[in-house]
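Structure first, commentary second.
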Amino acid sequence: SVAVAALAVPVGALVHFGLEALTASGHKVAALAIFRIAVPATALAGIGILLALRVELSATLAVACWGPAWLLGLVLMVLAGRRSLPLALRHAAPLDQTPHWRVESRPFFVYRMALGLLGQSGLIAMAWLQAPAAAIGAYAAAAGTAGLATVLATATNRAYGRRLSILLERGDHLGVLRLRRERLSWL
């Protein structure tokens, strides 16, 4: 199932990029609808079809259902991007700001790596310590359930990220505080 999942990773990465591009262009609701509803619903529909056909479901088949889901998400992101991104942006000459970008993005990279490590470290440790498969599965299910709070926080980050970056660039610290209160009240 790892090999099957690895086949979908490049498409999933492009869908994540599309999510960021649509969000940055001000179409956060469309981006979140595609990413958080269309993609998982398609994977779930694939599993439902397999169950309706009485196919014995395996981990590999369940993971394989995500392939078409990511493909659909990519198509929807491209279609939404064509409609929403300004024409001038598509024809703009790229700027080489790699050194500046690397320095500015380092905190976000560290943050995402830390979240990934924290999210998977318990499972990795349990597998390394050779815990029973049932215990690892129960822990994974509990962590997935608790992950709902993370999904909500991430969704609000996407919704408020664009506004936050504009306020930070302007140096509007009171606006940042107002936005923070708005986000916390939504959560």
Side-chain angles (χ1 to χ4, degrees), residues 1-51 55 57-87 89-124 127 136 140-141 143-144 147-148 150-159 161-162 165:
S1 65
V2 173
V4 173
L7 292 174
V9 167
V11 180
L14 289 173
V15 172
H16 278 84
F17 176 75
L19 172 72
E20 299 298 337
L22 280 176
T23 301
S25 70
H27 295 84
K28 57 187 175 269
V29 174
L32 287 172
I34 293 168
F35 187 75
R36 297 285 184 202
I37 298 171
V39 171
T42 304
L44 184 61
I47 291 171
I49 289 169
L50 291 174
L51 291 173
V55 174
L57 199 59
S58 66
T60 303
L61 283 176
V63 169
C65 288
W66 282 92
W70 286 121
L71 282 173
L72 175 68
L74 181 60
V75 168
L76 292 174
M77 289 287 182
V78 168
L79 292 175
R82 282 190 177 162
R83 285 192 309 266
S84 64
L85 296 177
L87 185 61
L89 181 63
R90 287 186 249 156
H91 298 294
L95 300 174
D96 185 21
Q97 296 182 343
T98 304
H100 177 72
W101 178 84
R102 283 184 180 153
V103 169
E104 295 290 323
S105 66
R106 195 168 292 136
F108 298 106
F109 176 74
V110 170
Y111 168 75
R112 294 302 272 172
M113 292 300 290
L115 278 182
L117 180 63
L118 288 173
Q120 300 302 316
S121 62
L123 289 171
I124 293 168
I136 295 173
L148 179 60
T150 305
V151 168
L152 287 174
T154 302
T156 59
N157 288 345
R158 301 248 185 266
R162 179 174 180 262
S165 65

From Leu19 atom CG to Leu14 atom CG, the distance as rounded to the nearest 0.5 Å: 12.5 Å

Smallest separation among heavy atoms of Ala62 and Leu57, with atom names: N-CD1, 4.3 Å

Euclidean distance, Leu74 CG relative to Leu79 CG, rounded to 0.5 Å: 9.5 Å

side-chain contact (heavy atoms from CB on, under 4.5 Å) partners for Ala43, two or more places apart: Trp66, Ala69

Side chains of Val75 and Leu71 in contact at under 4.5 Å (non-hydrogen atoms): no

Gap separating the NE2 atom of His16 from the CE atom of Met77, nearest 0.5 angstrom: 9.0 Å

Interatomic spacing from CG in Leu72 to CD1 in Ile34 - rounded to 0.5 Å: 8.5 Å

Nearest non-hydrogen partners of Val15 and Trp70, listed with the distance: CG2-O, 3.4 Å

Atom pair CG (Leu22) and CG (Leu76), whose distance is rounded to the nearest 0.5 Å: 10.0 Å

